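Notes to accompany the following structure.
Only a predicted model underlies this, so the values are computations on that prediction, with no experimental measurement involved.
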Amino acid sequence: MSLTCQYAVRQCARTLRSSSTHTSRTAAAITCRRKRQETRRWQSTEAATNPKIATIVDQIGSLTLLETADLVSKLKTTLNIPDMPMGGFGGPAAPAAAAPAEEPEEAAPAKEEKTLFNLKLESFDAGSKPKVIKEVKAMLGLSLVDSKKFVESAPKVMKEGVPKEEAEKMIETMKALGAVVKME
């Protein structure tokens, strides 16, 4: 139960305990219901909800984690909903659809050149550490603290999917500062 509901229940209980006659208890119960409705309205996203949906939502809200997982799996099978991969940030991309099988005659006439590369900071000279930190800050758009942590945690991938010309320029810049950057 949320804190606002608990508060409303406590207030209702106090009001009921303090009232001595039946009519005052009825008035307190009405007040209690109004407070609960006000908190529900405040928490809801719609002004008026279908009572059938509201009861379903209340029932789902009272389920345990295991019961909720069972409900989700049952709904997926009943409604024929496919499982969707849940990707996080920075994780590998979702696998692409399988390409049709190539003809043996067309296989490997010439190896395609790679156009996008990953840049990895391998190491740096201790004396040039401040310069390397400033350059990493400028290249990656990090804060000074994050840039320092990044440089100190070398070897680490700096950028992914960089075109060859841009990658070579970045490698030359970092090499001039005393850092070793590799193109993968």
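A salt bridge is absent between Lys156 and Glu122; no separation between the charged side-chain nitrogens and carboxylate oxygens falls under 4.0 Å. A salt bridge links Glu152 with Lys148: at least one charged nitrogen is closer than 4.0 Å to a carboxylate oxygen.
Judged by distance alone, with hydrogens and angles left aside, the side-chain atoms of Asp125 form no donor-acceptor pair with the main-chain N or O of Gly127 at under 3.5 Å. The main-chain N or O of Leu177 is found under 3.5 Å from a side-chain atom of Ser128 such that the two form a donor-acceptor pair.
The two atoms that bring Ser143 and Lys137 nearest to each other are C-CE, 4.3 Å, heavy atoms only. When all heavy atoms of Val151 and Leu121 are compared, the pair lying nearest together is CA-CD2, 4.1 Å.
Put simply, CD on Gln59 and CG on Leu63 are 8.0 Å apart, with the number rounded to the nearest 0.5 Å. Atom CD of Glu135 sits about 10.5 Å away from atom OG of Ser147, to the nearest 0.5 Å. Taking NZ of Lys164 as the start and CG of Leu116 as the end, the distance is 12.0 Å to the nearest 0.5 Å.
Between Val181 and Met170, the closest side-chain pair of non-hydrogen atoms is not below 4.5 Å. In this structure, Leu119 and Val157 have side chains that are not in contact, with every pair of non-hydrogen atoms separated by 4.5 Å or more. Here the side chains of Lys159 and Asn118 are not in contact, with every heavy-atom distance at 4.5 Å or above.
Ile56 and Leu71 fall within a single hydrophobic cluster, where Ile, Leu, Val, Met, Phe, Trp and Tyr side chains are chained together by heavy-atom contacts under 4.5 Å.
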Evaluation steps, side-chain contact (heavy atoms from CB on, under 4.5 Å), between Phe150 and Met158: CA-CA 9 Å; Phe150 182 88; Met158 287 177 57; 3.6 Å; yes

